[in-house]
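To find a chain, count down the sequence lines: A is the first, B the second, and so on, and within it residues start at 1.
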Amino acid sequence: MIIKRKRERIFYFLLIPSSLVVLTFVLLLSVLVYNSIPALDTLGLSIYTKNVWDPVDNQYGGLAAIYGTIVTGVLSVVISAPFATAIAVFVNDISPKKFRSFLINLSDLLAAFPTVIYGFWGLLSLGPFLSHTLFAFLDSLFGLNRITNGPSILLASIVLAIMITPFASSLLREVYSQVPRSIDEAVYSLGLGKWELVMLKLSYIKRAFLGAYALAFGRAVGETVAVSLTIGNILNISPNLLDPGYTIPSLIISQFGTAYGIQYNVMFALALFLVVIGVAFVIISRLILRVRL
Amino acid sequence: MRVKDAVIISLITSLVILFLLPIAFLFYTVIVNGLKVIISYGPRFFIDLPPNPGQGLGGIGPALEGSLYMVSLAVLISAPISVLAGVFLSFFERSKIASSIRASLELLVEFPTIVVGIVVFEVLVIQFGLGLNGITAATALAIVMLPYSTIQISEALRIPKKLYEEAAYSLGLTTWQVMKLIMRIGRRGIINGLLIGFAKIIGETAPVIFLTSSTANLYLQSLTTPVTGIPVLIYTYAFSGYPNLNEVAWGASFVLITIVTIVFVIARKLAK
């Protein structure tokens with residue numbers, strides 16, 4: 001009984017720092033909502049549905065940024081998916097042992113890399129390189145007019161894809177390695193080979209696959225500096241992926257510093273939109289990943 | 001080997017190689033450009049002030065100082081909270097409160113860091129009038145670090161807790177003594193969690209961009225003046241369009257990835 005009461009006292013003592021975590025989350029959300037209200041009051045939902053940016057008339061609509069956020073997010077996930085899957089399979093079932101731990105360590109290091117480095121490299125090295133090669137090729141193929149030396153929706157998506165691949169592959173690697181050993185044994189005892197093994201295991205984890213990519217998408221849409229440096233920063237809704245664009249985070253980073261009046265609140269309203277998408281995807285992915293396999 | 005198997009193996013291997021190519025390109029660019037600048041300028045790169053636009057090379061002294069100052073402060077704020085919260089989560093794993101804390105952690109860890117930046121700006125700078133300085137910037141970094149290190153620490157303590165908890169209680173130790181014991185056994189995991197948090201926030205730009213000053217190219221004058229940091233310096237110089245500032249940014253990038261890699265390797269060694 002005494003032990004129990006002491007345990008309770010420690011429970012409440014430790015609860016104070018732990019509840020700070022919840023408090024921080026609640027505080028972030030409420031400040032966000034509170035500061036969005038003036039903008040939503042005066043401009044209504046046109047913040048999300050119109051494409052205008054007129055500080056003179058105080059008209060703001062971030063549709064172009066929402067468009068850019070979703071396009072870069074989807075595109076980066078699509079580009080990254082085959083590579084992240086390949087790395088997860090390679091590490092588990094194909095790689096020689098020595099190379100395996102090297103690849104795991106490298107990909108975990110890359111997942112922890114400062115994103116500003118990816119962006120800086122994307123702007124000054126990868127962008128000009130792709131501009132002369134891949135982008136010029138796409139240009140000649142589809143006649144897409146290019147107005148920049150690299151910065152575009154496609155460049156930002158490629159940089160994002162490179163950034164999220166290590167993260168997504170480490171999630172997939174974990175799930176893939178948890179596929180029951182009996183599957184391997186069954187495949188080999190039937191005299192089947194690697195092809196069947198990989199296909200069977202991949203179909204076994206397809207739900208987790210969705211979970212991992214929902215999480216990767218959430219991370220991609222929230223990324224700021226790497227995108228800001230490579231997307232060109234123009235409010236533009238264009239199906240041409242070689243055109244520059246904007247995303248919500250890159251719009252905030254370049255406009256928040258000089259925003260005043262209602263524009264300041266518009267920034268929070270757009271951030272709120274971003275957080276709502278992000279939270280939705282985190283919840284979806286966690287639900288999928290928790291119901292393992 | 002059958003043709004089918006050869007196909008899948010070569011398909012997967014070539015995808016892995018295709019992914020490693022841009023990564024090699026990234027490392028090559030940062031290392032070659034960065035080292036070139038640091039070697040040609042010499043060791044004063046780490047202490048000198050940055051150059052004026054278009055006027056030769058300079059150093060990253062203030063940014064290096066600012067980064068170390070902000071990040072250490074952030075770790076000091078975040079460490080006690082995340083260690084205690086990590087202990088709570090691993091000890092009272094099954095309580096209702098623990099699962100709601102864990103849910104908040106999972107949401108917080110994916111919170112866009114730019115949003116953390118503008119919220120901290122609104123609360124500390126606009127509402128409380130604290131101004132731009134190392135403390136406000138460190139607060140934003142501490143919020144970014146908190147969920148990372150808490151998750152790591154609670155994971156790291158789970159195994160020692162499972163192995164030693166009952167034995168410790170059966171020796172007649174009190175709950176508090178048991179916790180201290182488990183923390184001592186899991187100390188490597190705790191340090192590992194804090195190091196991972198450190199590596200995460202030293203490279204963060206978005207949460208501090210509005211809380212630092214990219215033009216504060218002086219060493220710290222007082223605790224209430226704005227600071228600057230290495231990621232912020234790289235970000236601003238990348239956009240500057242001046243070749244000499246770009247070069248300083250390459251040098252700074254090299255320094256930054258070296259710090260992150262060293263911390264990462266130490267963390268990995270500890271986790272083993």
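Residue with the most contacts toward chain B among A/L123, A/I117, A/I253, A/D93: A/I253 (heavy-atom pairs, distance under 4.5 Å). The greatest number of non-hydrogen atom pairs below 4.5 Å with chain B, out of A/L20, A/V279, A/N35, is found for A/N35. For chain B, the option among A/L229, A/T24, A/I87, A/I162 with the highest count of heavy-atom pairs below 4.5 Å is A/L229. Note on B/V260, B/T113, B/L84, B/V120: by heavy-atom pairs under 4.5 Å with chain A, the leading option is B/L84. The candidate with the highest count of non-hydrogen atom pairs below 4.5 Å against chain B, out of A/P17, A/S18, A/A271, is A/S18. Per-residue heavy-atom pair counts under 4.5 Å with chain A were compared for B/P231, B/A249, B/A103, B/G86, and the maximum is reached by B/A249. If you tally non-hydrogen atom pairs under 4.5 Å between each of A/V91, A/V31, A/V282 and chain B, the highest count goes to A/V31. The choice from A/S228, A/G119, A/G222, A/S80 that makes the most heavy-atom pairs within less than 4.5 Å of chain B is A/S228. Per-residue counts of heavy-atom pairs under 4.5 Å with chain A were compared for B/T13, B/I196, B/I202; the largest is that of B/T13.
Taking CE from A/M267 and CD1 from B/I114, the interatomic distance works out to 10.0 Å, rounded to the nearest 0.5 Å. The distance from atom CZ of B/F239 to atom CG of A/N233, rounded to the nearest 0.5 Å, is 5.0 Å.
Contacts of B/T261 with chain A are made by both backbone and side-chain atoms, with heavy-atom separations under 4.5 Å. Looking at B/L11, neither its backbone nor its side chain comes within 4.5 Å of chain A, counting heavy atoms on both sides. For B/F254, no part lies under 4.5 angstrom from a heavy atom of chain A. Both the backbone and the side chain of B/I81 come within less than 4.5 Å of a heavy atom of chain A. Of the two parts of A/L109, the backbone and the side chain both hold a non-hydrogen atom closer than 4.5 Å to a non-hydrogen atom of chain B. Contacts of B/K200 with chain A are absent, with no heavy-atom separation under 4.5 Å from either backbone or side chain. Heavy atoms of B/A252 lying under 4.5 Å from chain A are absent altogether. For a residue to count as touching a neighbouring chain, one of its non-hydrogen atoms must lie under 4.5 Å from one of that chain's; by this rule B/I143 touches chain A with the side chain only. Proximity to chain B (any heavy atom under 4.5 Å) is shown, for A/V21, by both the backbone and the side chain. Looking at B/E106, the atoms closer than 4.5 Å to chain A (heavy atoms on both sides) sit in the backbone and in the side chain alike. Interface remark: B/I126 contributes side-chain atoms only to the contact with chain A (heavy atom separation under 4.5 Å). For B/I101, the parts sitting under 4.5 Å from any heavy atom of chain A are the backbone and the side chain alike.
Between B/F88 and A/F11, the angle of the ring planes lies from 30° to 60°, which puts this pair in the tilted group. Between B/F19 and A/F83, the ring planes lie tilted relative to each other; the angle falls in the 30° to 60° range. Between B/W250 and A/F120, the ring planes are tilted. Angles from 30° to 60° get that label. Ring geometry, A/F113 versus B/F27: the interplanar angle falls from 30° to 60°, so the pair is classed tilted. Using bins of under 30°, 30° to 60° and over 60° for the plane-to-plane angle, the ring pair A/W121/B/F25 lands in the perpendicular bin.
The number of heavy atoms from other shown groups lying within 6.0 Å of OH (B/Y242) does not exceed 12. Enclosure of atom CD in B/E93 by more than 12 non-hydrogen atoms of other residues, nucleotides or ligands within 6.0 angstrom is indicated. A/Y188 OH: more than 12 foreign heavy atoms inside a 6.0 Å radius.
Summarising the geometry of A/S125 relative to B/T29, their closest heavy-atom pair is OG-CG2, 2.9 Å, with the distance given to 0.1 Å. Here the closest non-hydrogen pair linking B/R268 and A/D108 is NH2-OD2, 2.9 Å. In terms of heavy-atom proximity, A/W195 sits nearest to B/D5 at N-OD1, 3.0 Å. Scanning both residues, B/I12 and A/A86, for their nearest heavy atoms gives CG2-O, 3.4 Å. Residues A/F167 and B/E110 share a closest heavy-atom pair of CZ-OE2, 4.2 Å. Shown here for B/G203 and A/V116, the closest heavy-atom pair between the two residues is O-CG1, 4.4 Å.
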Does B/L20 form a side-chain contact (heavy atoms from CB on, under 4.5 Å) with A/L106? I'd like the steps, not just the answer. CA-CA 10 Å; B/L20 291 177; A/L106 177 71; 3.7 Å; yes
Determine, step by step, whether B/R102 and A/R286 satisfy the side-chain contact (heavy atoms from CB on, under 4.5 Å) criterion, reporting the C-alpha distance in whole Å, the side-chain angles of both residues, the deciding distance to 0.1 Å, and the verdict. CA-CA 12 Å; B/R102 191 160 286 132; A/R286 289 296 171 189; over 6 Å; no
